[in-house]
Amino acid sequence: MANTRRTPSARGGLPQARAAADDAASAGPAARGRRDDVPRLPPVRLAPREELAHAARVAPLLRAARDLARWAETGRGLAAGSVLLPDAAAAASDLELTPGEVDAAWRVAVATGMVPQQGRPQPPGPGILESGDAEEVLAAWYGALEVMLDADDLDGLATALYTVGSPVRMESLFDAHAAAAGTWRAAGLTGAATPPPDATTEAPNPGAVGPDQAAVLSWALEALADLGVVELGTDEDEQAGGLTVALSPLGVWGVHRQLRAQGWHVPVLGNRGRDGAPGLLAALASCDAEDGESEIAAWLGARTPAQAAAELIAAARGGTPGLRGAAFAVLDRIGADAVPAIRAALAEPVLRAHAAVWLHEHGEAAELGPEDRTWLLVDLGAGLLEEADPRDVVAELLPELPPETQAEIVAGLWEVSHPAVTDLLTALSNHHPEPSVARAARKAAFKARSPVAAPGSRSS
């Protein structure tokens, strides 16, 4: 979304901060220097259900589970339940599977109800791949994914590929896997893939990349490929055409569902109508400019201007500073039809300054005093701090004013009734290149932290 806000400000600094916040709302983290310490997952597009179900029906591991379940129905040595009897060797011979494939197929057959199991009086049976509808087939496939990720600890590798969000060269997969695994360990989730119980390969040492770890990674990719989770390709940018690996559309759908169940924020492109304005604004935080444009246009096209304005105002009211800035940036797209909703927002303290500036920019009368301007400066700065490196925020906030004017503005920010004013002043004191401005920020931050400073302030 192209930025058009360059509103003059009597106090200075507001035009640049407003422009930076607007650009951040549409340009995504790559354009605004996302903070490295804020883990995020990329937005994804989910394939249509019928397409996903078709891929699940032909997944080699799911078909092997079906064949094994039918083989077991003949009574040739497999007991109903979750344990393979020694006659599994006969199944491997009859079905032309390896012992490891038989073991995996049996676990999947049990987990998906292809074989009878206590507590499941009417299992779907092995015919589900042929007779089940799309939702039933996907439910069975997801059950297979769960049992494979849990039993063989492959969730780290699958989530690493999801986190990268694009094909990964094989030689780079170790680094991507290790980087993502650090995020999961910090969140209390499981990590690196390990070989199956009967594998002869030893588990790799953490952080080491050697023959053992290469064998483990090769086995893990093969297991995921058998379930249709990953697909291989070649790097067209390289003359040698290096081998790449990426999640398949089916794999993206399955890992997305798993991460959502674990409580991760996993935005989906093209799904904003269902999620409402909060979903749109959250997705924009992870989109590049092109995807952001597409998401905004699709979201606005699914509702009337009045409905869209009301939803955006409600999201801004209950959102973070960053979401407030993004909401008013999207309201630019609605234009005059948004005026009634925005004028009503003047009565709400947390929205008043945003609403007044928006109305001024669109040729509407609205009172905008010095206190509103400084509050908005802090709110926009706080929104930028949610995503960007503090050094970048400092550079964007007051870039075109002389140092003495910047110091004057910063010195008075401690009086602003905003919950994030101390964080912004701290960023300015730590990273502003002008010593006089940094000193003013340190003094103002000290005043803002004082228990007697600005009674009743910073509660908005």
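The analysis underlying the following values was restricted to heavy atoms, covering all of them including side chains, and did not include hydrogens, waters or symmetry mates.
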- Item | Worked check of side chain to side chain contact (heavy atoms under 4.5 Å, CB included) between Arg49 and Glu135 | CA-CA 8 Å; Arg49 308 293 268 195; Glu135 294 303 321; 3.0 Å; yes
Table please: side-chain donor-acceptor pairs of residues 55-62 below 3.5 Å, with sequence neighbours left out.
residue : atom : partner : partner atom : Å
Arg57   : NH1  : Leu129  : O            : 2.6
Arg57   : NH1  : Gly132  : O            : 3.2
Arg57   : NH2  : Gly132  : O            : 3.0

Less than 4.5 Å apart, any side-chain heavy atom of [X] and any of [Y]?
{"X": "Leu312", "Y": "Leu281", "value": "yes"}
{"X": "Gln258", "Y": "Tyr142", "value": "yes"}
{"X": "Arg169", "Y": "Leu243", "value": "no"}
{"X": "Val330", "Y": "Leu284", "value": "yes"}
{"X": "Val110", "Y": "Trp106", "value": "yes"}
{"X": "Thr112", "Y": "Ile128", "value": "no"}
{"X": "Trp253", "Y": "Val44", "value": "no"}

Check whether any side-chain N or O of [X] sits under 3.5 Å from a backbone N or O of [Y] as a donor-acceptor pair, and report yes or no.
{"X": "Ser131", "Y": "Gly127", "result": "yes"}
{"X": "Glu101", "Y": "Thr98", "result": "yes"}
{"X": "Ser248", "Y": "Val229", "result": "yes"}

- Query: Do the side-chain N and O atoms of Arg449 and Thr426 include a donor-acceptor pair separated by under 3.5 angstrom?
  - Reply: yes
To the nearest 0.5 Å, what is the distance between [atom1] on [X] and [atom2] on [Y]?
{"X": "Leu331", "Y": "Ile342", "atom1": "CG", "atom2": "CD1", "answer": "4.5 Å"}
{"X": "Leu157", "Y": "Leu221", "atom1": "CG", "atom2": "CG", "answer": "5.5 Å"}
{"X": "Leu323", "Y": "Arg317", "atom1": "CG", "atom2": "CZ", "answer": "14.0 Å"}
{"X": "His432", "Y": "Asn430", "atom1": "NE2", "atom2": "CG", "answer": "12.5 Å"}
{"X": "Asp392", "Y": "Leu397", "atom1": "CG", "atom2": "CG", "answer": "12.0 Å"}
{"X": "Trp375", "Y": "Leu413", "atom1": "CH2", "atom2": "CG", "answer": "13.0 Å"}

- side chain to side chain contact (heavy atoms under 4.5 Å, CB included) between Glu231 and Val245, worked out: CA-CA 6 Å; Glu231 54 192 14; Val245 61; over 6 Å; no
- Message: Within a 6.0 Å radius of atom CD on Glu130, are there more than 12 heavy atoms belonging to other residues, nucleotides or ligands?
- Response: yes
- Row check, Trp299 ring normal vs Arg303 NZ/CZ: under 6.0 Å, within 45°: yes
Considering non-hydrogen atoms only, spot the tightest contact between [X] and [Y] and give its length.
{"X": "Ala448", "Y": "Leu425", "value": "CB-CD1, 4.3 Å"}
{"X": "Leu250", "Y": "Gly228", "value": "CB-O, 3.9 Å"}
{"X": "Ala105", "Y": "Ala65", "value": "O-CB, 3.4 Å"}
{"X": "Leu376", "Y": "Val357", "value": "CD2-CG2, 3.4 Å"}
{"X": "Val137", "Y": "Ala53", "value": "CG1-O, 3.8 Å"}
{"X": "Ala158", "Y": "Val255", "value": "CB-CG2, 3.9 Å"}

- Task: Could you give me the CA-CA distance, side-chain angles and deciding distance for Trp141 and Leu52, then say whether side chain to side chain contact (heavy atoms under 4.5 Å, CB included) is met?
- Result: CA-CA 10 Å; Trp141 182 88; Leu52 294 172; over 6 Å; no
- Step through it carefully: locate the ring centre of Trp358, locate the ring centre of His362, and say whether they are under 6.0 Å apart. yes
- Can we say Arg107 and Asp103 salt-bridge, meaning some charged N sits less than 4.0 Å from an Asp/Glu carboxylate O? yes
- Message: Does Leu428 form a side chain to side chain contact (heavy atoms under 4.5 Å, CB included) with Val393? I'd like the steps, not just the answer.
- Response: CA-CA 9 Å; Leu428 288 165; Val393 175; over 6 Å; no
- Message: Classify the ring geometry of His354 against Phe328: parallel below 30°, tilted from 30° to 60°, perpendicular beyond 60°.
- Response: parallel
